[in-house]
Trainee: 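One structure coming up, written as structure tokens, with questions to follow.
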Amino acid sequence: MIITLAPGSSEATLAQVEAIAARFEGVAPRRYSFEGSRESITEVHLIGQTRHVPTDPFEALPGVVRVVRVSTKYRLIGRHDQAEASVGFEYRGVSFDDCTVNVFAGLCAVDSEQHVQRMMAALGGAALRTTRMGAYKPRTSPYDFQGLGKSCLPWVFESAGKHGVQVVAMEVTDARHIEEIEAALGQAGRPCGVMLQVGTRNAQNFELLKQVGQQKTHPVLFKRGMGITLEESLNACEYIASEGNPNIVFCLRGVKTHLGEPHRNLVDFAHVPVVRRLTRLPVCIDPSHSVGRRDSGPDGIPDIVHVISQGVIAGATQILVDFHPEPGVALCDGPQALLPAELPRLLAHVARVRQTHEALVAAWGG
Ligand code: PEP
Ligand code: MN
């Protein structure tokens, strides 16, 4: 059972809720607070045998806005009531929620200082505050470029700061990477922040999920497992939240099957409304890793941009997209990279699709 309190509720209200809970044997109250991008929410979760606990004594308390019975499945990330707001979160002055669009445009893998600088300059020119930069790359072959690792962090962070980029999405595959990122940010004077990315290959690496969940400094961008069910991926996010970090973005990136060919993966953005319905997490799409190639349709629009439209029209607000100033020499995923010169047109496209999404929601009475 989850008891949601009105924003700004007092300690006395919390104590009253806990006092009522104490009347029932085998029930333990646990407090949770979510620092949202628009408002903060405090909840008391009753853990244990709650089936026979009535909701009305809690509902009668002033300051209680809602009492819902929940299955234990997605206790923390779940949207238990469709009327419930998606709280989201704020990080480095950027809002991550279900009504603020953020485009994380950047390099799949950091391969040279010059490429990073050219990309960051393009981001600064477009006033974008979010990017993606891979330093630790999980590659299929051990002979492929593995990423520059911690050696690139000082100049990646410095360049981000110089161009006003606040949040760098960066994949980590080991707890050691979190420490290296923390140390490099500290040494650079924190010119930007890092959103820790859990890649599709680590979607069920429970130790890594616990590690990113146990720290609260960095939000987490979780990428759906490519060969597991949506439910399994959502449970993985619940792991992160249950360790203490509720600041999670859920990213769809296609699923692995040859039925998606000629695309790299089968695009799964039809799941955007499903994830929004089941959870309170801001939903991200990765059109680059799902499509995997920069071919265009006869309309001149790249498939990557078409699927961005599909995700955004369906309600995704976060977009992770690969760019590279010289795709031909990129050491990782060059064939799917867009060019920095295409960034302004892409952002204008996203803004138009988002406006249409909002108009459609209004037309359907949402
Ligand atoms: C990436 O975004 O760089 C990446 C490796 O993606 P995924 O984990 O979805 O394959
Ligand atoms: Mn990649």
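For ligands, and for the atoms within them, numbers begin at 1 and follow the listed sequence. Position 1 is the first residue of the sequence; numbering continues from there.
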Trainee: Classify the ring geometry between Y239 and F206 as parallel (under 30°), tilted (30 to 60°) or perpendicular (over 60°).
Mentor: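 Tilted.
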Trainee: Do you see an N/O/S atom of D333, backbone or side chain, under 2.8 Å from the Mn ion (ligand 2)?
Mentor: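 A backbone or side-chain N, O or S atom of D333 is under 2.8 Å from the Mn ion (ligand 2).
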Trainee: Do R190 and F157 meet the cation-pi criteria used here (NZ or CZ under 6.0 Å from the six-membered ring centre, within 45° of the axis)?
Mentor: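 Not flagged: R190 not positioned over aromatic ring of F157.
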Trainee: Need the ligand 1 atom indices (1-based, order shown) with element for anything under 4.0 Å from a heavy-atom of K137.
Mentor: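 In order of numbering, the contacting atoms are 1 (C), 3 (O).
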Trainee: Using heavy-atom distances, let me know which of K256, H289, R253, E171 sits nearest atom 10 (O) of ligand 1.
Mentor: R253
Trainee: For the side chain of S288 and the backbone of D322, is there at least one donor-acceptor N/O pair under 3.5 Å apart?
Mentor: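 At least one qualifying donor-acceptor pair exists.
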Trainee: Heavy-atom contacts under 4.0 Å between R132 and ligand 1: side chain, backbone, both, or neither?
Mentor: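 It is the side chain that gets close, since no backbone atom is under 4.0 Å.
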Trainee: Do me a favour and list the nearest non-hydrogen protein atom to atom 8 (O) of ligand 1 with residue, atom name and distance?
Mentor: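 I find the closest protein heavy atom is T200 N, 2.8 Å.
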Trainee: With the threshold set at 4.0 Å, does a side-chain nitrogen-carboxylate oxygen contact exist between R294 and E342?
Mentor: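 The answer is yes: the pair qualifies as a salt bridge.
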Trainee: Do the rings of H177 and Y136 sit parallel, tilted or perpendicular, given the 30° and 60° boundaries?
Mentor: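 Geometry flag for Y136 against H177: parallel rings.
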Trainee: Need the ligand 1 atom indices (1-based, order shown) with element for anything under 4.0 Å from a heavy-atom of G199.
Mentor: 8 (O)
Trainee: Enumerate the atoms of ligand 1 whose separation from the nearest heavy atom of Q197 is less than 4.0 angstrom.
Mentor: 1 (C), 2 (O)
Trainee: Regarding H324 and D111, do their side chains bring together a donor and an acceptor under 3.5 Å, going by distance alone?
Mentor: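 Their side chains do contain a donor-acceptor pair, which is all the 3.5 Å distance test asks for.
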Trainee: Could you check whether any heavy atom of M226 sits closer than 4.0 Å to an atom of ligand 1, since that is the contact criterion I want to use?
Mentor: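 Contact check M226 vs ligand 1: negative.
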Trainee: Backbone N or O of T279 within a donor-acceptor pair of the R79 side chain at under 3.5 Å?
Mentor: yes
Trainee: Report whether any nitrogen, oxygen or sulfur of C332 sits less than 2.8 Å from the Mn ion (ligand 2) (N, O or S, backbone or side chain).
Mentor: no
Trainee: Among protein heavy atoms, which lies nearest atom 6 (O) of ligand 1, and at what distance?
Mentor: K223 NZ, 2.9 Å
